[in-house]
Amino acid sequence: MQDEYRTVARAGLHETEINRSRFLCALAPAATEREAQDFIAAVRKEHADATHNCWAYVIGADASVQKASDDGEPGGTAGVPMLQMLLRRDMRYVVAVVTRYFGGVKLGAGGLIRAYGGSVGEALDALGTRTRRRFRLATVTVDHQRAGKVQNDLRSTGREVRDVRYGEEVTIEIGLHDADVDAFRAWLADATSGAARLELGGEAYGDA
């Protein structure tokens, strides 16, 4: 798994005009290929009267799914430069749709490549990006007497408490970076006089 990746901070729209043609770049985070395709369909429906609705998306922290479409523009002048811009910016789990309303002036192949790729780059700058970092899910099990202090200590040291479950004992779910596991295990043993148990689970991604 990748240690980290970047994605768009939020869904949004950025518009630019080039030689009287309007270029509207819609960006959105997409957790799955289906989400990306649904977003593309929604934009195409909203701008059904546009000259072109070109798109690109990258799914997977390792960019395992990469797809693009020129939607009637000359081959390789729209979808591919859009995809290349997403990859150049290390963007993952993201979908981009650039809607073009033709203004009467032809841009030529080079102009189209710059326009479509540039629209995505400008939209990323306008909407912002965020970094997501890989971490390991971990569960701390402790008695009720110590649970409150452990939770407070976790939060005071900047650790995110993801979930707390109460039963015969208290189970606290947190996220740990692999490099922190040994130090955290030692801290936990010291903080609870060895009374707490630490179990490591699977891996996930969270905001850096």
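For clarity, every value in this text was computed on a predicted model and none was experimentally measured.
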- Could you verify whether a donor N or O on one side chain and an acceptor N or O on the other, from Tyr116 and Asp70, lie under 3.5 Å apart? no

- Message: The test is side-chain contact (heavy atoms from CB on, under 4.5 Å); show your working for Val43 and Thr99 and say whether it passes.
- Response: CA-CA 8 Å; Val43 174; Thr99 299; 3.7 Å; yes

- Heavy-atom nearest pair, Ser64 first then Gly60, reads OG-CA, 4.1 Å

- Query: Are Leu112 and Trp55 connected in a single hydrophobic cluster, I mean Ile/Leu/Val/Met/Phe/Trp/Tyr linked by side-chain heavy atoms less than 4.5 Å apart?
  - Reply: no

- Query: Quick one: does Thr157's side chain have a donor or acceptor within less than 3.5 Å of a partner on Asp153's backbone?
  - Reply: yes

- Item | Whether His47 side chain and Val98 backbone form a donor-acceptor pair below 3.5 Å | no

- Message: I'd like to know if Phe102 and Val105 are part of one continuous hydrophobic network [Ile/Leu/Val/Met/Phe/Trp/Tyr, side-chain heavy atoms within less than 4.5 Å].
- Response: no

- Hey, could you give me the CZ/CG distance between Arg114 and Leu107, rounded to the nearest 0.5 Å? 9.0 Å

- Query: Transitively linked via ILVMFWY side-chain contacts under 4.5 Å: Ile18 with Met85?
  - Reply: yes

- Query: Are Leu83 and Val97 joined in one hydrophobic group, where the rule is that I, L, V, M, F, W and Y side chains link up if heavy atoms are under 4.5 Å apart?
  - Reply: no

- Item | Audit row: Lys67, Glu33, side-chain contact (heavy atoms from CB on, under 4.5 Å) steps and yes/no | CA-CA 10 Å; Lys67 293 190 179 174; Glu33 195 168 1; 2.8 Å; yes

- Item | For Ala195 against Arg146, the heavy-atom pair lying closest together | CB-NH1, 3.5 Å

- For the residue pair Thr131 and Tyr5, establish whether any side-chain heavy-atom pair is separated by less than 4.5 Å. no

- Task: Tell me whether Leu124 is reachable from Val58 by hopping between hydrophobic residues (I, L, V, M, F, W, Y) whose side-chain heavy atoms are closer than 4.5 Å.
- Result: yes

- Item | No-hydrogen, no-angle side-chain donor-acceptor test under 3.5 Å, Tyr93 and Glu35 | no

- Message: Taking Glu169's backbone N and O only, do any of them form a donor-acceptor pair with Asp143's side chain (distance below 3.5 Å, no angle check)?
- Response: no

- Message: Using only atom types and a distance under 3.5 Å, with no angle test, would you say the side chain of His177 pairs donor to acceptor with the backbone of Arg134?
- Response: yes

- Task: Could you tell me which non-hydrogen atom of Ala63 sits nearest to which non-hydrogen atom of Leu87, and how far apart they are?
- Result: CB-CD2, 4.2 Å

- Message: Before you tell me yes or no, could you show the steps for Glu17 and Arg22 under salt bridge (Lys or Arg N to Asp or Glu O under 4.0 Å), namely the whole-Å CA-CA distance, both residues' side-chain angles and the distance that decides it to 0.1 Å?
- Response: CA-CA 5 Å; Glu17 185 175 314; Arg22 289 173 64 210; over 6 Å; no

- Item | From Glu168 atom CD to Thr141 atom OG1, the distance as rounded to the nearest 0.5 Å | 12.0 Å

- Query: Atom CG of Leu27 and atom CG of Leu86: how far apart are they, to the nearest 0.5 Å?
  - Reply: 7.0 Å

- Note on the structure: For Ala50 and Asn53 the tightest heavy-atom approach is CB-ND2, 4.1 Å

- Message: Taking Arg165 first and then Asp163, would you say they form a salt bridge - that is, a charged N and a carboxylate O separated by under 4.0 Å?
- Response: yes

- Message: Between Arg6 and Thr129, do the side chains contain a donor N or O and an acceptor N or O under 3.5 Å apart?
- Response: yes

- Task: Check the pair Met82, Cys54 against side-chain contact (heavy atoms from CB on, under 4.5 Å), reporting the backbone distance first and the verdict last.
- Result: CA-CA 9 Å; Met82 290 170 63; Cys54 307; 4.0 Å; yes

- Item | Gap separating the NE2 atom of His14 from the CD atom of Glu122, nearest 0.5 angstrom | 4.0 Å

- Query: Ion pair present between Arg89 and Asp125, side-chain N to carboxylate O less than 4.0 angstrom?
  - Reply: yes

- From CZ (Arg197) to OG1 (Thr192), nearest 0.5 Å: 11.0 Å

- Task: To the nearest 0.5 Å, tell me how far Gln151 CD sits from Ser156 OG.
- Result: 12.0 Å

- Gln37 and Tyr57: CA distance, side-chain angles, deciding distance, side-chain contact (heavy atoms from CB on, under 4.5 Å) verdict: CA-CA 9 Å; Gln37 292 167 350; Tyr57 58 79; 3.4 Å; yes

- Item | Minimal non-hydrogen separation, Cys25 against Val120, with atom names | SG-CA, 3.9 Å

- Task: Each residue besides Trp187 in its hydrophobic cluster should be listed here, by chain and number; the cluster joins Ile, Leu, Val, Met, Phe, Trp and Tyr at side-chain heavy-atom distances under 4.5 Å.
- Result: Val140, Val142, Val150, Leu154, Val161, Val164, Tyr166, Val170, Ile172, Ile174, Leu176, Val181, Phe184, Leu188, Leu198, Leu200

- Message: Between Arg44 and Asp71, does any side-chain N to carboxylate O distance fall below 4.0 Å?
- Response: yes

- Can you find a pair of side-chain heavy atoms, one from Glu15 and one from Leu13, that are under 4.5 Å apart? no

- Message: Run the side chain to side chain donor-acceptor pair (under 3.5 Å) test on His52 and Tyr101 for me, step by step, so that the C-alpha distance in whole Å, both residues' side-chain angles and the decisive distance to 0.1 Å come before the verdict.
- Response: CA-CA 7 Å; His52 305 281; Tyr101 287 93; over 6 Å; no

- Connected hydrophobic set around Leu137, excluding itself, where side chains approach under 4.5 Å: Phe135

- Min side-chain heavy-atom separation Ile59-Arg92 under 4.5 Å: no

- Message: Under a plain distance cut-off of 3.5 Å, with no hydrogens placed, do Ser21 and Arg100 share a side-chain donor-acceptor pair?
- Response: yes

